[in-house]
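Data block below; observations after.
Sequence lines set the chain letters: A, B, ... in the order given, protein chains first and strands last, and positions in each chain run from 1.
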2 protein chains.
Amino acid sequence: MTIKHYLPGIMMKDSNETNDLQKAGLKATLPRLKILKFLESTDIRHLSAEDVYKSMLDSGDEVGLATIYRVLTQFESAGLVTRHHFEGGHSVFELNEGKHHDHIVCVKCGKVEEFYDETIEERQHVIADKNGFNITDHALTIYGICSDCK
Amino acid sequence: MTIKHYLPGIMMKDSNETNDLQKAGLKATLPRLKILKFLESTDIRHLSAEDVYKSMLDSGDEVGLATIYRVLTQFESAGLVTRHHFEGGHSVFELNEGKHHDHIVCVKCGKVEEFYDETIEERQHVIADKNGFNITDHALTIYGICSDCK
DNA sequence: TGTCCAAATGCGAAATATTCTCATTCTTAT
DNA sequence: ATAAGAATGAGAATATTTCGCATTTGGACA
Ligand SMILES: [Mn+2]
Ligand SMILES: [Mn+2]
Ligand SMILES: [Zn+2]
Ligand SMILES: [Zn+2]
């Protein structure tokens, strides 16, 4: 295990983020650490690459936009984030916290709620079997008007 | 009813496509008629704007790409076509034949199969209610490997 | 702890997909 | 047949994402 000496007599493990990156096979570079910490700290769970770029800029952590794109894609491959294609076409990312879920999005204000429905999950496997497919993934997004907007 | 005289003594109604466009509140222009006829005649149901443009070019019906985009968007608003956002980001269109369905897409070869599952449809309404949303739409796409590809 | 090298970054250019602008052409009501 | 407004085509513009390459950095190892 990697150990760093920060204060005399105290041994401190590397940060959680450093470990998470290394476990994912990614070097713990400053931009990657900043992006991961940002995703863990923000209260907005579903963000475009541009959103991440601008929010980080605002909080003083500038990382090049191309790097944001590269790192989010790497995080996706590593299973650290999930990418969605809501209406509008462009990608939206969210920190992967282990529990799969789908989304219901307000077409007026853009609010995103998450849900998980076991029945729907099961039916999808039945459908895939019926069509001779091995499921790799799925995306279900319900669009509607939220209670605030109607 | 609009009547056109094509041959002496024979009365011919306007084409179905002309009527469909007019019912949709769209002028029956040549590009729109060509695009609609193309969508009705092709055996590939799910096409990008570029696909439509190139296929029509190949069959000698050139329509400007900007017009393809404009017309497909108008057709979508009129309910004549449906737009999807499968993985990859860009829009895919299909002629609307009245029966709602969702899709299962092969991530290897791109094959698209259609399905309809009443149980899933019902659960979505339960979920929307639970979250205080009025459903306007939804998109479910299952991704997997088709029987040909595994 | 210092050195070295592959890997990562930042920047601007390029690629993609889509929309816009505007001069010209077409549709349709009269 | 005409005229007015709507639609089209061509290319410019925009938005999103990726790429190329010179420079920097992380971390393995001396
Ligand atoms: Mn989510
Ligand atoms: Mn379909
Ligand atoms: Zn809302
Ligand atoms: Zn396949």
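- Using a 3.5 Å distance cut-off with no hydrogens or angles, the side chains of B:Thr67 and B:Arg70 do pair a donor with an acceptor.
- In this entry the distance linking CG of A:Leu47 with P of D:dT17 reads 13 Å, nearest Å.
- No side-chain N or O of A:His85 forms a donor-acceptor pair with one of B:His90 less than 3.5 Å apart.
- At whole-Å resolution of the value, CD in A:Glu76 and P in D:dT17 are 12 Å apart.
- Between atom CD1 of residue B:Ile120 and atom NE2 of residue B:His138 there is a gap of 8.5 Å, rounded to the nearest 0.5 Å.
- Cluster partners of B:Tyr116 are absent, since no Ile, Leu, Val, Met, Phe, Trp or Tyr has side-chain heavy atoms less than 4.5 Å from it.
- The separation between B:Ile68 atom CD1 and D:dA10 atom P is 12 Å, rounded to whole Å.
- Regarding A:Asn19, its CG atom lies at a distance of 11 Å from the P atom of D:dG27, rounded to whole Å.
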> What string of B, S and - do you get for nucleotides 16-21 of chain C, 5' to 3', when a contact is any protein heavy atom under 4.0 Å?
Replying inline: -SBBBB
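- One interatomic measurement links the two molecules: CG of B:Leu26 to P of C:dT28, which rounds to 11 Å at whole-angstrom precision.
- Rounded to whole Å, atom P of D:dT18 lies 10 Å from atom CG of A:Leu72.
- Note on A:Gln22: a side-chain N or O is less than 4.0 Å away from OP1 or OP2 of D:dG27.
- Taking only side-chain atoms of B:Lys27, from C-beta outward, the nucleotide of C:dA6, C:dG10, C:dT28 with the closest atom is C:dT28.
- For the segment residues 29-39 of chain B, residues with any heavy atom less than 4.0 angstrom from an atom of DNA chain D are, sorted by number, B:Thr29, B:Pro31, B:Arg32.
- For A:Leu21 and C:dT9, the CG to P distance is 10 Å, given to the nearest whole Å.
- In this structure, the CG atom of B:Leu57 is 10 Å from the P atom of D:dA10, given to the nearest Å.
- Here the shortest heavy-atom pairing between A:Phe115 and A:Ile104 reads CE2-N, 4.0 Å.
- Side-chain polar atoms of A:His46 and A:His103 form a donor-acceptor pair below 3.5 angstrom.
- Taking the charged nitrogens against the carboxylate oxygens, A:Glu94 and A:Arg83 have no contact shorter than 4.0 Å, which rules out a salt bridge.
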